[in-house]
> 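A single structure is presented below for examination.
Keep in mind it's a predicted model, so treat the numbers as computed, not measured. Convention: sequence-line order gives letters A, B, ...; per-chain numbering from 1.
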Amino acid sequence: MNETNDIVEQRRKKIEDLKKENINLFPNDFIVTSTVKDVLNEIEKAPDSITENAPVFALAGRMMAINRFGKAAFVRFRDRTGYLQAYIRKDRVGDEAFSLFKKLDIGDFIGIKGGMFKTKTGEWTQLANEIKLVCKAIRPLPEKFHGLKDPEKRYRQRYIDLIMNSNVRDIFVKRSKIVQEIRTFLLKRDFLEVETPMMQPIPGGAEATPFKTYHNALGMDLFLRIAPELYLKRLVIGGFEKVFELNRNFRNEGVSTRHNPEFTMLEFYQAYATYNDLMDLTEEMIKAAAVNVTGSTLITYNGNSIDLGRKWLRMPLLKAMEEIGGIDPSLLDDRGKLLNFASSKGINITQKTGAKNVCLGKIIAKLFDILVEPKLIQPTYITGYPVEISPLSRKSDNDHTLTDRFELFIAGHEIANGFSELNDPDDQKKRFLQQVADREAGDEEAHYMDEDYIKALEYGMPPTAGEGIGIDRLAMIFTDSASIREVILFPLMKNEKNDTIIN
RNA sequence: GGGCCGUUAACUCAGUUGGUAGAGUAUCUGCCUUUUAAGCAGAGAGUCGCGCGUUCAAGUCGCGCACGGCCCA
């Protein structure tokens, strides 16, 4: 990173000049008394009490624009709460401070002390009594009007993106608020927030390929978790009847506009509840988050107007396949017919899983993803998933081929997956054995056997319902972001040059 | 994994039929004490992503590679 250009060289030259004058480029003694927002609030409260002489505010921030006029200048600077303009006059700050100020650049941090006045155009502006350098920037910022647009640079150097693009700052503030709202919502309902292992000896709780790592001292393989599910249910067995975890999962899969290898999930479990209860709770929670974060239950995503305020539709999976996917229901219980139907639509089922004998449930799920999911724009719960693709879900009492499971879709995105938990240890063992067989048949995403989890279930897990909600996808929908990279501060990127190898 | 598109000054972008590189902003110098993308005068700034090839000549054409974006699987 030693590339030079003439702007950086010029700045380094200025820095040498400043050093010769004994100017500290990185001081830490400027005392900030107010934020920009504090000042604006005081003005709003009592505008008549504000003058250019008093009260005196001490503010600090990054200079984003400078208009110089020989012996005076306007400076636009920003702190975390907003922008403020300051007016620097040579006859007010003194010759020495003004000649220092002349050497400062856009991007530098300054501290200013002074009162407030209104300019000719009516903008409240700080009149500097003092101006100090608080931190020198060596590299120049992008141009003020067009800002930084190059997506690669925006992701790799997110700090510049955040400096330059207020809409990007807004997205991440919103994301943080979503997380906070969800946490508050669950804590109010007596859920306990917990942290379970991210490094697991047996990865479980989802169908996905894990990242593998190795513990040197213990001499053991470990996997980064693909889901916290099996640990959270152990906690329910332990007596924590309402738990949640809101943190990162890791899946060793491709990167796309909807997938980042590490992503954030909420998982929560509630004893003595059913999947129907969780649908009610989720609806309430996401509506509350929408109101508290965006101010409304109406959101726009990708040009679609989405109304979170209406009662959310609930539709059985097989009915959705028929009514929305346009699939003849007589095909839905016949593997062969359904495979023929898929290939007539140009959909190759076997390719992804690698398994030779793909089960009926997987074929249905795949067709659902392609033919139904994109059409689920308004919030919709799809219920009743086939048992063979729901190895941790409780079987429906009235149909043992289906489970008490739902998925939530908004704006064509899968947002949540929840179910009444399977708490019969013998049934769970059978399901794991089927998964192991699938794995041996070539399905790399099938579950591993987890004997300890079976043992835990044998101690008894009360009837429980649990759910996972994809926080990144929720953030995408709340911020009208087309790519998951727009809601992850530092999305995973390949090395710019393939020569960075760390041993 | 496949397809399409992109990569040119610090940033945003032009660059015609292959003929030795352009603008705006930013930067530097000078003038300027109420600007709002300030103004006026002048100046500097490029490994055209990387490599190979075709050609008298490549930012431009061809092949390969890297990174990124979108779509598909």
> For B:U20 and B:U25, measure between their C1' atoms and round to the nearest Å.
27 Å

> When rounded to the nearest Å, what value does the distance between P atoms of B:A14 and B:C28 take?
27 Å

> Considering only heavy atoms and no angle criterion, is a donor-acceptor pair shorter than 3.5 Å present between the side chain of A:N67 and the base of B:U34?
no

> Which nucleotide, if any, forms a Watson-Crick or G-U wobble pair with B:G1, using both distances under 3.5 Å?
B:C72

> How long is the line joining CG of A:D161 and C1' of B:G69, in whole Å?
15 Å

> When you look at A:M265 and A:I469, which way does the side chain to side chain contact (heavy atoms under 4.5 Å, CB included) test go after all the steps?
CA-CA 6 Å; A:M265 230 2 205; A:I469 298 181; over 6 Å; no

> Of all the choices, B:U35, B:A26, B:G69, which nucleotide is nearest to the side chain of A:I7 once you look at every atom?
B:A26

> When you compare B:A58 with B:G51, how far apart are their C1' atoms, in angstrom units rounded to a whole number?
14 Å

> So, is A:R156 close to the B:G68 phosphate, meaning a side-chain N or O under 4.0 Å from OP1 or OP2?
yes

> Can you confirm whether the side chains of A:Y87 and A:E52 place a donor and an acceptor under 3.5 Å from each other?
no

> Taking only residues two or more places apart in sequence or in another chain, which ones pass salt bridge (charged side-chain N to carboxylate O under 4.0 Å, His left out) with A:D221?
A:K212

> With a 3.5 Å limit on both atom pairs, tell me what B:C63 is paired to, counting Watson-Crick and G-U wobble, or say none.
B:G51

> Ignoring backbone atoms, establish whether A:R485 has a side-chain N or O less than 4.0 Å from OP1 or OP2 of B:G68.
no

> Look at the side-chain N and O atoms of A:T257 and state whether any lies under 4.0 Å from the OP1 or OP2 oxygen of B:G69.
no

> To the nearest angstrom, how far is A:M164 atom CE from B:A37 atom P?
14 Å

> Taking pairing as Watson-Crick or G-U wobble with both contacts under 3.5 Å, can you name the mate of B:A37, or confirm there isn't one?
none

> Using atom CG of A:L141 as one end and atom C1' of B:A37 as the other, report the distance to the nearest whole Å.
16 Å

> Report which part of the nucleic acid A:K14 touches: base, sugar-phosphate, or nothing (heavy-atom distance under 4.0 Å, all strands).
sugar-phosphate

> Any strand is fair game: report the nucleotide pairing with B:A9 by Watson-Crick or G-U wobble, both distances under 3.5 Å, or none.
none

> It should be established whether A:K494 places a side-chain nitrogen or oxygen under 4.0 Å from OP1 or OP2 of nucleotide B:C67.
yes

> Can you check the distance between B:C48 and B:C61, where both ends of the measurement are the C1' atom (answer in whole Å)?
16 Å

> Reckon A:Y155 touches a base, only the sugar-phosphate, or nothing at all at heavy-atom distances under 4.0 Å?
sugar-phosphate

> Rounded to the nearest Å, what distance is computed from the CD atom of residue A:E52 to the P atom of nucleotide B:U34?
14 Å

> Please give the distance between the P atoms of B:A38 and B:U47 as a whole number of Å.
29 Å

> Quickly work out the A:K90 NZ to B:U33 P distance and round it to whole Å.
10 Å

> Measure the distance between the ring centre of A:F74 and the centre of the six-membered base ring of B:U35, then answer whether it is under 5.5 Å with planes under 30°.
yes

> Closest approach to the side chain of A:D6, judged atom by atom: which nucleotide of B:A26, B:U33, B:A45 is it?
B:A45

> Of the nucleotides B:G68, B:C13, B:C70, which one has an atom closest to the side chain of A:M493?
B:G68

> Considering every strand shown, what is the Watson-Crick or G-U wobble mate of B:G19 when both distances are under 3.5 Å?
B:C56

> Could you check which nucleotide pairs with B:G44 in any of the strands shown, counting Watson-Crick or G-U wobble with both distances under 3.5 Å?
none

> Parallel, tilted or perpendicular for A:Y301 and A:H413, by the 30°/60° rule?
perpendicular

> Find which nucleotide of RNA chain B each of A:L148 and A:G70 is nearest to by heavy atoms, and output the residue with the more 5' nucleotide.
A:L148

> Just one of A:T33, A:V39, A:T81, A:V32 clears the side chain to side chain contact (heavy atoms under 4.5 Å, CB included) bar with A:L59, so which one?
A:V39

> Take A:D150 and A:R76, find for each the nucleotide of RNA chain B with the closest heavy atom, and name the residue whose nucleotide sits nearer the 5' end.
A:D150

> Nearest to the A:K144 side chain among B:A37, B:C70, B:C28, which nucleotide is it?
B:A37

> Suppose you measure atom P in B:G49 against the same atom in B:G6; what distance do you get, rounded to whole Å?
12 Å

> Using the C1' atom as the point on both nucleotides, what is the distance between B:U55 and B:C13, in whole Å?
30 Å

> Base, sugar-phosphate or nothing for A:D91? Non-hydrogen atoms, less than 4.0 Å.
base

> Rounding to a whole Å, what distance do you find between A:K153:NZ and B:A9:C1'?
12 Å

> Contact class for A:K149 vs. all strands (heavy atom < 4.0 Å): base, sugar-phosphate, or nothing?
sugar-phosphate

> Sort out the partner of B:C32 for me: Watson-Crick or G-U wobble, both distances under 3.5 Å, none otherwise.
none

> Which nucleotide, B:A37, B:U25, B:C32, lies nearest any side-chain atom of A:E143?
B:U25

> Parallel, tilted or perpendicular, judged at 30° and 60°: which one describes the rings of A:W312 and A:Y381?
tilted

> Using a cut-off of 4.0 Å on non-hydrogen atoms, how would the nucleic acid contact of A:G254 be classed: base, sugar-phosphate, or nothing?
nothing

> Look at the rings of A:F368 and A:Y385 and say which category their plane angle falls in: under 30° parallel, 30 to 60° tilted, over 60° perpendicular.
perpendicular

> In whole angstrom, give me the gap between the C1' atoms of B:C52 and B:U16.
27 Å

> Let's test your reading of the model: under 3.5 Å, does the base of B:U35 pair with the side chain of A:E123 as donor and acceptor?
no

> Would you indicate which nucleotide in B:U33, B:C70, B:U34 comes nearest to any side-chain atom of A:K120?
B:U34

> Starting from C1' on B:C28, measure out to CD1 on A:I106 and report it in whole angstrom.
14 Å

> Can you see whether A:Q157 engages A:Y159 through a side-chain donor-acceptor pair at a distance of less than 3.5 angstrom?
yes

> Rounded to whole Å, please give me the gap between CZ in A:R154 and P in B:C67.
20 Å

> Show which side-chain atoms of residues 60-72 of chain A pair as donor or acceptor with protein atoms under 3.5 Å away, not counting sequence neighbours.
| unit_1 | atom_1 | unit_2 | atom_2 | d |
| --- | --- | --- | --- | --- |
| A:R62 | NH1 | A:G107 | O | 2.9 |
| A:R68 | NH2 | A:L104 | O | 2.8 |

> Which nucleotide in the set B:A26, B:G68, B:U35 lies at the smallest distance from any side-chain heavy atom of A:E152?
B:G68

